[in-house]
Amino acid sequence: MRRRIRRLSSQILLAQLAILAASMLIGFLLLAQTARANLDADYQARAAAIAQTFAGIPDIQNCMTSGGTGCTSTVQDLATQTANRTGAAYVVVIDTNRVRHSHPDAALIGKKVEEPLVAADGKVHLGTDQGATGLNANARVPLFAPDSDRVVGEVSVGIRESSVASELLSELPAYGAWFVLALAIGALASFALASLLKRRTFGLELDEIARLLQEREATLHGIREGVIAIDPAGRITVVNDEAQRLLRLPEGARGRLLKDVLVAGPIRDTLTGTSEVKDAIALTDDHILVINRMPVKIGVRQHGAVFTLQDRTELTGLTRELDGERSFSESIRAQQHEFSNRMHAVSGLLELGRTQEALDYLNEIRGTTADLDATLRTHIASPMIVGLLLGKAAEANERGIDLVIAPDTDLGEAPERVQALTTVLGNLIDNAFDALAGAPGPRQTVVSVVETRESVTVRVADTGPGVPSAELPRIFESGYSTKRGSLVRHSGLGLSLVHSTATKLGGSVSVSGGPGAVFTVVLPRATATATTAARSIEDAR
């Protein structure tokens, strides 16, 4: 029995029945009270009608005009007859001196009443009266002289309240029957509603629903992926902490339109669209995100959409580092393979006795391979940047591209923001290599890295077709690319990464049109940025 009462449908049914019963009881009591008040008013009006009729009898008017002298018995007889005929408890006639001329109790005739003559104002007064005969519905009307507006007395008529109560009790069973019928209908409706709610909640009980909600909240806010759900109107219904962090959503974003809490840009366009999105790459100022959008349908009706956001920032950074290490290892392997070939060539020349030709070949090798190493070590002291450029040089050699280090290149051993510099330099060189893929004529990429006290300037130029002037405004958008050809090995994300990295550090990115694109990135040094900020604060003061 206790188990059945714990069921959600049983609790809802019992609660609704209790509410219905309490409401019906209160309603029944209020109705009884209203009916009693209405009956009181009806009986008071009936008493007033009897009193006014009695006050209009000419014998009574003439008798009271003369002060009631010698006609008291007549008044009493008429009052008794009227009371018996109408069912009134009493008909009392009082003169202006407050002396009774009729009363059910004969001993009170001729005696004064204690209260004042209320009908002396010429008006009818209704109420209840606790007199000698008990509680009565009372009416007091003025008694006028014949053919005059002069008040010569008062007629008071009362009808016992027991009569009112008896009539009320005779009406209450009918009212009670209607309330019982309404209660039965309400009980059936409550049972139907409880059954419907049980189906809607898939038979789950209250504690199970509460546990599921707690588990959902714990799971939603515990996972390392951002999750957002919106309704068909585009209003956020579910959002977890990771989504708020990745998209920098304001507090209280839940319940607001998604387009109102996101700044205009590719991410908002992706999230507020209507189509399905799978593994779309998007960039914010701080993160590289993978976005998936799945529309939700129940039957044939749209119920909004669910988004998942994955932070790939660290993974992308590790991938870039791995690409650099792979390029470097491929460069070493290629050099080892080339070194073996050259040693075989030198060995063959020596076995043939052509010593001078072997010496000339060695001098030629030393001149072509050592130049790049010497240039890098002369102009760049940072081992990480040297390793990156050596790897890119090996890749350029494999792809038939001439990688040139500009003479003005000058970079110290420990440059500031070396990670950002590696990202910018690697992506710009990759973009230049892809732009040269399949290009006719000499294919060359010129790299310049210049470090000063204020900034580090990276300039990468290529002899490719360049960037069409119409495409310049869109070139730094995530996923945008104008590259063609089977040799292209990058997805169009690099320039967007370069732009976001430079912008986040307070730098700038510029590009020239074709033919031959020139990308220039300026990264302010941290010390210079701090000095500028301090000067700005000082100037503001």
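One is the number of the first residue; the rest follow in order along the sequence.
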Might you work through the side-chain contact (heavy atoms from CB on, under 4.5 Å) test for R399 and D434, ending with a clear yes or no? CA-CA 10 Å; R399 301 177 68 174; D434 288 340; 3.3 Å; yes
Before giving the answer on side-chain contact (heavy atoms from CB on, under 4.5 Å), spell out for R256 and I236 the whole-Å C-alpha distance, their side-chain angles and the decisive distance to 0.1 Å. CA-CA 6 Å; R256 299 174 60 184; I236 299 174; 5.7 Å; no
Determine whether L389 and I429 satisfy the following criterion, side-chain contact (heavy atoms from CB on, under 4.5 Å), listing intermediate values before the conclusion. CA-CA 9 Å; L389 292 176; I429 293 175; 3.6 Å; yes
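Here the side chains of Q444 and V404 are in contact, with some heavy-atom distance below 4.5 Å. Contact check for V447 versus T409: no side-chain heavy atoms found under the 4.5 Å cut-off. The closest side-chain heavy-atom distance from V498 to F519 is not below 4.5 Å. With a 4.5 Å cut-off on side-chain heavy atoms, L247 and I228 count as touching. In this structure the side chain of L411 reaches within 4.5 angstrom of the side chain of L421, judged on heavy atoms. Under the 4.5 Å side-chain criterion, counting only non-hydrogen atoms from C-beta, T422 is in contact with I385.
Separation of atoms CD1 (I291) and OG1 (T308) is listed at 9.0 Å; rounding is to 0.5 Å. Expressed to the nearest 0.5 Å, how far CG of L436 lies from CG of D462 amounts to 5.0 Å. To the nearest 0.5 Å, atoms NZ (K392) and CG (L425) are separated by 8.5 Å. Annotation: the span from L523 atom CG to T501 atom OG1 amounts to 8.5 Å, rounded to 0.5 Å. Atom CD of E451 and atom CD1 of I380 lie 11.0 Å apart (nearest 0.5 Å). Note that the OG atom of S382 and the CG atom of L388 stand 9.5 Å from one another [nearest 0.5 Å].
Side chains of D231 and T237: no donor on one and acceptor on the other come within 3.5 Å.
When atom types are taken as modelled, the side chain of D410 and the backbone of T452 share no donor-acceptor pair closer than 3.5 angstrom. Side chain of T503 to main chain of S500: no donor-acceptor pair is present (N/O by atom type, distance under 3.5 Å, no hydrogens or angles). Between the side chain of T463 and the main chain of P442, a donor-acceptor pair closer than 3.5 Å is present. No side-chain donor-acceptor contact under 3.5 Å links S448 to the backbone of R459.
Nearest heavy-atom pair, P465 versus A435, reported as atom, atom and distance to 0.1 Å: CD-O, 3.5 Å. Counting all heavy atoms, side chain and backbone alike, S512 lies closest to A517 at OG-C, 3.9 Å. Heavy atoms only, all atoms of each residue included: G400 and R443 are closest at O-NH2, 3.5 Å. In terms of heavy-atom proximity, H379 sits nearest to P407 at CE1-O, 3.2 Å. A pairwise comparison of heavy atoms in A253 and L249 identifies CB-CB, 4.2 Å as the closest pair. Taking every heavy atom of both residues into account, N240 and G226 meet most closely at OD1-CA, 3.6 Å.
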